[in-house]
Each structure stands twice: as structure tokens, then as C-alpha cells.
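Down below is the structure, laid out as C-alpha cells.
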Amino acid sequence: MEISQHHDGSELYVSNPAPKIGEFVTLKVRVAKRSAVDSAFIRIMQDGEPTTYPLKVLKKNRVETWWQVKVEIKNLKSNYRFLLVGMKSFLWLNAEGIFDRDIADHGDFKIVATTPTPKWRNSAIFYQIFPDRFAKSEIQRELPVWAIRRKWSDETALNQREVSQEFYGGDFVGVREKLGHLVDLGVSGIYFTPFFASKSTHLYDASSFDGVDPLLGGNEALIELRSSAQDHGIKVMGDLTTNLCGLGHPWIQEALSDPRSKKRDFFYWSEKSEWGYVGWWNVQSLPKLNYSSGELRKLMWESDSSIVKKWLREPLGMCGWRIDVGNMTGRYYGENHNREVAIGIRKAMEEVDPESWLVAENADFYADDLDGLGWHGTMNYSGFTRPIWYWINGKSRDLKDGFGGSISLPRVSGKKMVETMREFASGIPWRSLAASMILLGSHDRARFQTVVGKDISRNISGVTMLLTYPGVPSIYAGDEIGLEGRWGENGRRTIDWEDRKNWDLHLLDSYKKLIKIRNSSHALKFGGLRWVAIEDDYIAYLRESKRETVLVFVSRKGVNATLDISAYGYSIKKNLYGSKQSGKTIKIRSKSATSGIWSLK
């Protein structure tokens with residue numbers, strides 16, 4: 001372990017991550033004494049021109065020197081990096097790392113002069129629920145003709161042609177009755193996959209954006225659930241399909257029945273389509289929305305009674321929106337309204353509730369989509385889920401989830417995993433990283449228990465990263481008890497509340513302990529990120545805030561590792577999780593995957 005130069009967008013280094021144009025921001029960088037740096041400069045883009053200012057020494061200790069500079073934020077987006085100069089050397093420090101050569105601008109640190117992300121999301125831990133599969137009440141409801149009734153104990157998605165029709169009967173009353181499980185787990189938010197009236201159980205094919213699907217209990221059931229959740233300190237977030245609606249929606253039905261209808265402007269039309277309209281991924285039941293239409297924009301977010309605004313207001317009271325396929329919304333061939341949609345939705349949300357959270361699913365990463373002006377963050381598959389899967393997977397031949405690829409999950413070293421995570425983080429402002437949802441799995445992915453080959457020690461290693469990495473942790477309902485699933489639909493399994501013999505109680509207990517640590521740690525909520533050990537089979541990183549420093553260690557197999565934290569000027573203050581350690585050296589001897597968390601002084 002060798003201390004190096006470091007800066008990120010957290011509170012230790014940036015005085016204000018959301019300044020206004022014309023305000024001054026103080027930026028700090030820490031430099032290892034062994035680097036023999038004599039002077040330091042910031043290179044910041046101002047009015048399109050790279051401008052350089054000298055840094056001054058702020059303080060010194062036996063291992064490092066802190067430098068700082070105050071700069072004016074002149075533009076909406078400001079990219080910057082640091083030049084560290086010695087007698088015979090120079091180094092560039094940007095968000096990608098340290099370089100002893102000249103570098104391009106795309107990896108520079110980034111500050112955005114726009115409204116801040118919600119303050120509460122720093123402390124949030126979300127629990128993702130696919131409504132039909134979490135818990136069912138005793139209420140009996142008449143099924144529509146398209147629904148195929150399943151027993152609660154039936155495995156999901158064994159017949160792919162019936163996937164969207166499988167009805168298990170989970171509803172919002174059932175969720176409300178099981179809120180005690182969420183309280184006991186320690187989460188503070190629920191993210192529901194779509195709940196609008198639809199003609200499927202996945203509910204992504206909305207036939208109306210005005211009301212909750214009757215099979216879930218309608219608006220009244222959601223209002224009662226949200227009120228009960230709020231009493232327990234739990235927020236509720238909805239899922240909005242801005243990219244499409246269902247074939248049963250009045251918009252597309254009117255467009256199909258009346259060639260002169262203005263609703264036809266809500267959709268794309270093509271001679272190549274056998275239905276006339278363009279379906280998302282050529283799916284007939286999912287007409288793609290066209291935001292060239294000003295009327296559609298009014299209905300979706302601009303008007304005071306818009307869909308986006310309505311569900312944030314009382315008595316519905318959603319705390320924000322997860323946007324389905326945010327990367328595809330507004331994009332079609334030569335048209336690209338994506339930026340306008342993202343900025344427009346955010347503005348509309350802030351008009352109703354400045355503290356509402358806007359997170360988009362970006363299945364494939366566009367760095368520009370997360371520049372801080374539109375979506376607050378993303379579902380961080382590219383910079384968190386995927387690299388962890390590639391590092392820690394159990395090489396299961398039964399796994400059918402390659403993140404859209406045609407190959408099985410590869411196996412990479414810890415170095416390659418960290419390189420991927422760093423590359424993702426360097427392309428966006430720190431605040432976009434911190435406001436992104438981090439997850440080990442979701443309703444669209446294989447279950448993490450299946451990814452790790454049912455190896456509980458590996459599973460817990462992944463969970464340790466989930467609860468200690470920058471971002472908003474999201475736990476897919478059932479992951480905490482070891483539910484399995486070989487691909488997305490197959491993982492949408494029910495939770496057996498009556499017979500818990502198949503629950504992995506050791507895994508559940510580990511979740512509870514790690515969530516408790518996250519909930520009580522200032523560093524894990526607000527701290528920066530410094531990688532301090534990157535090996536094939538284990539990694540370690542520091543989370544440092546103004547109040548606290550925490551060290552995290554994670555391995556994917558048995559290891560014999562020694563970490564000298566005195567090189568960073570630290571020693572063990574308190575054991576939080578994992579093997580007990582003391583002094584200035586951490587020694588890990590394990591026969592299987594392991595993890596540990598320690599508070600430092």
C-alpha cells in the first residue's frame with residue numbers, strides 16, 4: 001500500500017458541488033510527501049479556454065501535503081485537473097488517475113452549476129419490489145382474460161411465451177402487511193417497478209398513466225401503503241415509462257382509429273412496421289413515444305396536471321421517479337430529444353418538490369446523459385453491477401444473463417474490475433455518481449445468488465461492496481434471503497412468507513448488519529473514495545468524510561493479505577464488520593471469500 005495523490009468530488013475536496021455561475025469554489029488535493037511535489041496548479045476550462053491557477057499549501061503531516069485553490073465557476077459545466085510539479089517530474093491528476101504524460105480532457109473532474117441532488121438520498125437505502133411477486137393479501141380479485149393464474153410457489157418464466165401473463169397475485173395490501181420486514185431489514189425507501197393499469201403483470205405496457213392497476217388494489221391501496229411506509233420513515237418511488245406506453249392506452253387507440261387525430265403525433269410511424277406504428281424493439285404491445293409532439297410533452301411533464309407532477313403530489317406522494325430505458329427515451333434514428341426530455345422532467349419535478357429524486361435506467365452508458373443537467377443519476381449497471389459480476393461470479397453454466405451479450409459471464413481480475421469502475425466514474429460529475437442507484441441485481445437481471453454460484457461468502461462480499469460504495473444502494477426484494485434466478489424474468493420469484501426453511505438466515509443477518517453500518521456511518525454516506533489495494537482476488541478502499549474514515553476490504557476467494565494502513569497515517573479505531581484487527585496493520589487469513597469494515601483514526 002503506497003499513498004498517492006487524490007481528489008474527488010466529495011466534501012473533503014470540494015466546498016460546493018452545486019454552485020451558481022459566478023460563485024467561487026474551493027478545491028483541495030492531497031499529495032503524498034514521497035512524490036516531492038514543489039508546486040501545484042489547477043487547469044480549469046473557463047469560457048472554453050483552459051486557464052491555470054497556482055495552488056497554495058493548506059496543511060502538512062508526516063505522510064502528505066494538502067494543497068488548495070479558490071476558483072470562480074464561470075460556466076454551466078467546468079472541467080478541471082491538477083498539475084503537480086517536482087524538480088525533475090510532472091504529474092497530471094484527473095478523475096481517471098495519475099499520469100506522467102499529457103492527457104486529453106474527457107477524464108477531467110467535473111463541476112456543474114445547477115440545482116443540487118436531493119439531500120436525503122445520501123442516507124437512503126432502497127428496496128426494489130416487483131409488485132406481483134412480493135406479497136399477496138387475502139383479497140380475491142377477478143382476473144382479466146389475458147392473465148394466467150400461477151400458484152405462489154410456482155417457479156417463474158418456465159414458458160417464455162407466457163412470461164408477461166403469469167399472475168401470482170402480489171398487491172399493495174400485501175406489501176403494506178409486510179412493511180415490518182423492511183423496517184427490520186433497515187431500508188429507508190421502496191422502488192416499485194411500474195404499477196400503472198396495464199395488460200400484463202410486468203406492467204410496463206401502461207394502458208393508463210392516471211391510476212394504479214386494479215390488480216394491485218388501485219390508487220387507494222397505494223395511498224394507504226405510502227402513508228404506512230412514511231410512518232416508518234420509508235419513502236416510495238415510482239417507475240415511469242417515458243419511452244413507451246401500452247397498446248391498450250387511449251393515446252395509441254385514438255391514433256389508430258382516427259388518421260386525423262393529433263394523437264398520431266405522439267408516436268412514430270413506419271412503412272417497415274406491420275402495425276404502422278413503431279414498437280420499442282419492434283414489440284407490438286409497446287408503441288414508442290415521439291417527443292416531437294409538444295402536446296405529449298405537456299401531458300407527460302410540462303402542464304400543472306402532468307403525469308410527472310401528479311404522482312409527486314399528495315396524496316400519492318412519490319419521492320421521485322425511476323425512468324425506464326432513459327437512454328432510449330426521445331432517441332429514434334435522426335431524432336434526439338433525450339436531453340430535452342431529461343431536463344424537462346427534472347424541472348417539472350423540482351417545481352413540485354425540489355427534493356424529489358430522478359434516476360434513469362441507462363442500460364448502456366452514455367456519459368453525456370449523466371452530465372448533471374438532466375437525470376440526477378442512473379441505475380449503475382455499467383460502473384458497479386457489471387464489473388462486480390465479472391469479478392466475483394461463480395462461472396455457472398446455468399446462468400443465462402450476460403448483460404445483453406451472447407457469451408457467458410467472463411471472469412476478470414480485481415485490477416480490471418477497478419479499472420472499469422474508475423472509467424465509468426471519471427466520465428461524469430461526482431454528484432451524478434453519488435446520486436446513482438447501485439445494485440447487485442434487479443428484476444431485469446439474474447439473481448446475485450445465482451451469479452455467485454450459491455456461494456454465500458461471495459454473496460456477502462458483494463453485499464459489502466453494495467453497502468459501502470458511493471451511490472444509493474438498492475436491494476432487489478428476495479436477494480437478502482438468497483432467492484435464485486438464471487435471468488431477469490426467471491428471477492422474478494415470489495417470497496415464501498409461510499415457510500421460511502429455504503430462507504438463508506445467515507445471508508439475511510449479514511444484510512442487516514451491513515445495512516446498520518451504512519445507516520450509522522457518515523463516511524459511507526458522504527465520503528469520497530480512495531482505492532488502496534487492488535489485487536486479482538481482493539480489493540480495499542477508503543471512504544473518508546469530514547467526520548469519519550472507514551476502510552473496506554473485500555475478497556472473492558480465500559486470501560492471505562496484509563495491509564499497512566500506517567502509510568496513510570491511519571490506525572484501527574473500531575472493528576465494524578469482519579475479522580477483528582488492531583494497530584496499524586490489517587492481516588486477513590481466510591479460506592473463502594471474506595470482507596471487513598473498520599473505522600480508522
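Computed over heavy atoms, backbone and side chain alike; hydrogens, waters and symmetry mates excluded.
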Would you check if the side chain of [X] reaches a backbone N or O of [Y] as a donor-acceptor pair within less than 3.5 Å?
X: S436; Y: G471; answer: no
X: S426; Y: A95; answer: no
X: S520; Y: I517; answer: yes
X: D537; Y: V559; answer: no
X: T201; Y: E166; answer: yes
X: R493; Y: E484; answer: yes
X: S285; Y: G246; answer: no
X: R543; Y: T468; answer: yes
X: Q128; Y: S442; answer: no
X: R322; Y: V359; answer: no

Report task. Using the six-membered ring wherever Trp is involved, compare the ring planes of H181 and W503 and label them parallel, tilted or perpendicular (cut-offs 30° and 60°). Result ->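 Rings of H181 and W503: perpendicular, over 60°.
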Report task. Give the ring-plane orientation class for W357 versus F126, where under 30° counts as parallel, over 60° as perpendicular and anything between as tilted. Result ->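 Tilted.
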Find out whether [X] and [Y] are in side-chain contact, i.e. whether some heavy atom of one side chain is under 4.5 Å from a heavy atom of the other.
X: I234; Y: I190; answer: yes
X: Y577; Y: V552; answer: no
X: F192; Y: L225; answer: yes
X: L316; Y: V236; answer: no
X: Y568; Y: L551; answer: no

**Report entry** L439 vs Y191, side-chain contact (heavy atoms from CB on, under 4.5 Å): CA-CA, chis, key distance, verdict
**Finding:** CA-CA 12 Å; L439 58 167; Y191 150 48; over 6 Å; no
Report task. Tell me, with the steps shown, if H522 and S545 meet side chain to side chain donor-acceptor pair (under 3.5 Å). Result -> CA-CA 7 Å; H522 191 270; S545 71; 2.7 Å; yes
Report task. Begin with the C-alpha distance, continue with both residues' side-chain angles, and end with the deciding distance and a verdict on side-chain contact (heavy atoms from CB on, under 4.5 Å) for R556 and R411. Result -> CA-CA 11 Å; R556 67 177 177 182; R411 196 86 184 280; 3.6 Å; yes
Query raised in the report: Passes side-chain contact (heavy atoms from CB on, under 4.5 Å), S461 versus I392? Steps please.
Result: CA-CA 9 Å; S461 284; I392 209 168; 3.9 Å; yes
NZ/NE/NH1/NH2 to OD/OE distance under 4.0 Å, [X] and [Y]:
X: K573; Y: E548; value: no
X: D444; Y: R492; value: yes
X: R447; Y: D479; value: yes
X: E419; Y: K416; value: yes

Query raised in the report: Do W280 and Y204 make the cut of ring centroids closer than 6.0 angstrom?
Result: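 No, they do not, as the ring centres are separated by 6.0 Å or more.
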Just to verify, what does [X] make a side-chain hydrogen bond (donor to acceptor under 3.5 Å, both in side chains) with, not counting sequence neighbours?
X: K512; answer: D184
X: D132; answer: none
X: D213; answer: none
X: E355; answer: none

Only counting residues at least two apart or in another chain, list the ones meeting ring pair (Phe, Tyr, Trp, His ring centres under 6.0 Å) with [X].
X: Y538; answer: F553
X: F196; answer: F209, W311
X: F134; answer: Y127, W497

Contacts of [X] that satisfy salt bridge (Lys or Arg N to Asp or Glu O under 4.0 Å) - sequence neighbours left out:
X: D8; answer: none
X: E224; answer: R176
X: K513; answer: D509
X: E544; answer: R30, R530

Requested in this report: With rounding to the nearest 0.5 Å, note down the distance linking CD1 in I148 to CZ in R161.
Outcome: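 With rounding to 0.5 Å, CD1 (I148) is 10.5 Å from CZ (R161).
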Report task. Count the heavy atoms of every other residue, nucleotide or ligand shown that sit under 6.0 Å from CD of E162, and state whether that count exceeds 12. Result ->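 Yes, CD of E162 has more than 12 neighbouring heavy atoms, counting only those of other groups under 6.0 Å.
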Query raised in the report: If you count the non-hydrogen atoms of other residues, nucleotides and ligands that lie under 6.0 Å from NZ in K199, is the total more than 12?
Result: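 Atom NZ in K199 is not packed in, count stays at 12 or less.
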Name each donor-acceptor pair under 3.5 Å that joins a side chain in residues 592-601 to protein atoms two or more places apart or in another chain, with its distance.
from, atom 1, to, atom 2, distance (Å)
S595, OG, T464, OG1, 2.7
W598, NE1, N575, OD1, 3.2
W598, NE1, S579, O, 3.1

Query raised in the report: Just by distance, with hydrogens left out, do T378 and N380 show a side-chain donor and acceptor under 3.5 Å apart?
Result: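 No, N380 and T378 have no side-chain donor paired with an acceptor closer than 3.5 Å.
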**Report entry** Identified side-chain contact (heavy atoms from CB on, under 4.5 Å) partner of Y511 from the options I475, D504, I460
**Finding:**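 Among I475, D504, I460, the one that satisfies the side-chain contact (heavy atoms from CB on, under 4.5 Å) with Y511 is I475.
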Query raised in the report: How far apart are the C-alpha atoms of R445 and Y476, what are their side-chain angles, what is the distance that settles it, and do they pass the side-chain contact (heavy atoms from CB on, under 4.5 Å) test?
Result: CA-CA 10 Å; R445 304 259 68 95; Y476 183 26; over 6 Å; no
